[in-house]
Structures are given as structure tokens and as C-alpha cells.
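Report on one structure; see the data block that follows.
Just so you know, ligand 1 is whichever comes first in the structure, and atom 1 is the first atom listed for that ligand. Index from 1, following the sequence.
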Amino acid sequence: MNILLCNGKGGTGKTTMTVLLAHALAEAGKKVAVLDRDPQGTATKWLNRIEDKTVSLYEHTKQYDAVFIDTPPHLKTLTPAIAGCSVAVLVCSPSPADIWTTLDTTEAIRPHLPAKSRLRILFNGVLANTILSRDLPEIAKQIGVKPLSTVITRRQCYQHAALYGWKALDQAAREEMFKAVLEIVTEK
Ligand SMILES: Nc1ncnc2c1ncn2[C@@H]1O[C@H](COP(=O)(O)OP(=O)(O)OP(=O)(O)O)[C@@H](O)[C@H]1O
Ligand SMILES: [Mg+2]
């Protein structure tokens with residue numbers, strides 16, 4: 001199964017979610033790889049530098065239970081990556097600018113989504129008990145895409161994960177990741 005993480009806007013957390021969701025599924029015993037389709041190569045650098053080798057960079061000669069695909073923040077280069085994905089996850093932080101670009105991204109990718117694939121929003125960087133966090137169902141409705149019921153909150157440990165990997169995550173962050181990845185891989 002190929003899981004594409006995308007958004008036409010930079011800095012929404014695509015790479016962070018790609019690597020950590022992949023780790024969460026690998027922790028659950030699956031063979032998982034990350035395919036880095038972003039020329040910035042952030043996911044590649046991340047996985048090459050951390051000690052933990054639970055998640056590999058994708059090699060086309062190998063078989064995996066799931067491949068998490070990181071993508072660049074440009075719509076033009078995004079569309080070729082969509083072919084063959086089972087789930088496309090729009091990583092979106094609940095700020096107005098992110099919401100608008102998520103709308104644009106949705107319009108741009110919908111025509112390219114494979115017939116049986118799913119499109120979902122993953123809200124990332126959410127601050128609990130804020131007005132925007134309460135508005136998430138309404139924001140998803142405006143974008144016209146079903147959100148995952150798991151929301152990823154803003155936590156410093158997600159930033160530390162780029163240096164130390166999965167072990168940087170505290171229990172609450174791990175639980176968010178497990179719940180989100182379970183929804184992504186099991187929902188029909
Ligand atoms: N839930 C979160 N809590 C705190 N910081 C976060 C969270 N998600 C991402 N970040 C931080 O936000 C920054 C941008 O994240 P990331 O590089 O994953 O975004 P991106 O969408 O891949 O960016 P680009 O479009 O440039 O590839 C990083 O510093 C990352 O550590
Ligand atoms: Mg990135």
C-alpha cells in the first residue's frame with residue numbers, strides 16, 4: 001500500500017508525518033519504507049542521519065507492507081507522484097493560509113487520484129483548546145475532504161524527532177501517531 005503525504009504549501013509537516021507515521025507502522029511490526037519524492041531530500045537526510053534503522057529508504061527491488069511517500073510543496077511536481085497511491089493524506093495545519101492552499105491542492109490532485117484511492121486530511125500542529133482546533137470539522141467541510149479523526153498536536157518532541165528519531169517522542173505523541181496510522185491503513 002502506498003501512502004502519499006502532500007500539500008502544495010511548504011512547512012505543513014509533510015516530512016515529519018511521513019517519517020513518523022512510517023515509524024509507527026514499523027513499530028507495529030510491518031515492513032515499511034519511505035520514498036522521498038522531494039528534491040529537498042529532507043526525509044532522506046533524516047533517515048540517513050538517525051541511528052534507528054527501523055524504517056528504510058525505499059528500494060525498488062524490495063517488497064514492503066507500506067510505502068510512505070514524501071512530496072514537495074509544489075503542485076506541478078506533485079501530480080506525477082499520485083499515480084499508484086492507495087491513500088493521499090493532505091497534511092494541513094489549521095491556519096487560514098494552510099486551509100486555502102489545501103483547497104487548491106485538493107482541486108489539483110483530485111483528477112489524478114487512482115480510482116480506488118482515498119483522500120483524507122490530517123490536521124497537524126493543532127493547539128488544544130483554541131478556536132481553530134474547535135473549528136476543524138467545519139474547516140474540513142469547507143475543503144470538502146473527510147478528516148482523520150486523529151489530530152496531531154503541536155509538540156516540541158516532533159521537532160526533536162528529526163535529530164533523534166522515534167525515541168524522541170513522548171507517550172502522548174506516540175499514541176497520536178499510532179492512532180493516525182491505524183486510521184490510514186485500516187479505514188475502507
Ligand atoms: N506537530 C508538530 N509540532 C511541532 N512542530 C512540528 C509539528 N509538525 C511539524 N513540525 C515542525 O515544523 C517544521 C516543518 O515541518 P516539515 O519539514 O515536516 O514540513 P514540510 O511540509 O515537509 O515542509 P516542506 O514543504 O519544506 O517540505 C519542522 O521544523 C518540524 O519539526
Ligand atoms: Mg518536507
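Protein atoms that are N, O or S and lie under 2.8 Å from the Mg ion (ligand 2) are these: T15 OG1.
Side-chain atoms of K45 come within 3.5 Å of backbone N or O of Q40 as a donor-acceptor pair. A side-chain donor-acceptor contact under 3.5 Å links D98 to the backbone of S93. In this structure a side-chain-to-backbone donor-acceptor pair under 3.5 Å is present from N124 to T12.
Cluster annotation: Y164 and L47 are assigned to distinct hydrophobic clusters (Ile/Leu/Val/Met/Phe/Trp/Tyr, side-chain heavy-atom contacts under 4.5 Å, transitive). Criterion: ILVMFWY side-chain heavy atoms under 4.5 Å apart, direct or through other members. Under it, L127 and L122 are not part of a common hydrophobic cluster. In the hydrophobic clustering of ILVMFWY residues, with side-chain heavy atoms under 4.5 Å counting as a link, V19 and F178 come out together.
For R118, the salt bridge (charged side-chain N to carboxylate O under 4.0 Å, His left out) partners at least two apart in sequence or on another chain are E187.
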Enumerate, one pair per line, all nitrogen or oxygen atoms of ligand 1 lying under 3.5 Å from a protein nitrogen or oxygen, stating the separation to 0.1 Å; write 'none' if no such pair exists.
{"residue": "ligand 1", "atom": "1 (N)", "partner": "N124", "partner atom": "OD1", "Å": "2.8"}
{"residue": "ligand 1", "atom": "1 (N)", "partner": "T153", "partner atom": "O", "Å": "3.0"}
{"residue": "ligand 1", "atom": "3 (N)", "partner": "R155", "partner atom": "N", "Å": "3.1"}
{"residue": "ligand 1", "atom": "3 (N)", "partner": "R155", "partner atom": "O", "Å": "3.3"}
{"residue": "ligand 1", "atom": "5 (N)", "partner": "Q159", "partner atom": "NE2", "Å": "3.4"}
{"residue": "ligand 1", "atom": "8 (N)", "partner": "N124", "partner atom": "ND2", "Å": "3.0"}
{"residue": "ligand 1", "atom": "18 (O)", "partner": "T15", "partner atom": "N", "Å": "3.4"}
{"residue": "ligand 1", "atom": "18 (O)", "partner": "T16", "partner atom": "N", "Å": "2.9"}
{"residue": "ligand 1", "atom": "18 (O)", "partner": "T16", "partner atom": "OG1", "Å": "2.5"}
{"residue": "ligand 1", "atom": "19 (O)", "partner": "G13", "partner atom": "N", "Å": "3.1"}
{"residue": "ligand 1", "atom": "21 (O)", "partner": "G11", "partner atom": "N", "Å": "3.4"}
{"residue": "ligand 1", "atom": "21 (O)", "partner": "T12", "partner atom": "N", "Å": "3.0"}
{"residue": "ligand 1", "atom": "21 (O)", "partner": "G13", "partner atom": "N", "Å": "3.0"}
{"residue": "ligand 1", "atom": "21 (O)", "partner": "K14", "partner atom": "N", "Å": "3.0"}
{"residue": "ligand 1", "atom": "21 (O)", "partner": "K14", "partner atom": "NZ", "Å": "2.7"}
{"residue": "ligand 1", "atom": "22 (O)", "partner": "T15", "partner atom": "N", "Å": "2.9"}
{"residue": "ligand 1", "atom": "22 (O)", "partner": "T15", "partner atom": "OG1", "Å": "2.8"}
{"residue": "ligand 1", "atom": "23 (O)", "partner": "G11", "partner atom": "N", "Å": "3.0"}
{"residue": "ligand 1", "atom": "25 (O)", "partner": "G11", "partner atom": "N", "Å": "3.0"}
{"residue": "ligand 1", "atom": "25 (O)", "partner": "K14", "partner atom": "NZ", "Å": "2.8"}
{"residue": "ligand 1", "atom": "26 (O)", "partner": "Q40", "partner atom": "NE2", "Å": "3.4"}
{"residue": "ligand 1", "atom": "27 (O)", "partner": "Q40", "partner atom": "NE2", "Å": "3.2"}

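Cluster note: Y64 groups with L4, L35, Y58, V67, I69, L75, L78, I82, L90, I99, L103, I109, L113, L119, I121, F123, V126, L132, L136, I139, I143, V145, V151 through ILVMFWY side-chain heavy atoms spaced under 4.5 Å, whether in direct contact or through intervening members.
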**OP:** Go through E176 and K179 one step at a time and tell me if the salt bridge (Lys or Arg N to Asp or Glu O under 4.0 Å) criterion holds.
**Re:** CA-CA 5 Å; E176 283 179 351; K179 279 192 202 159; over 6 Å; no

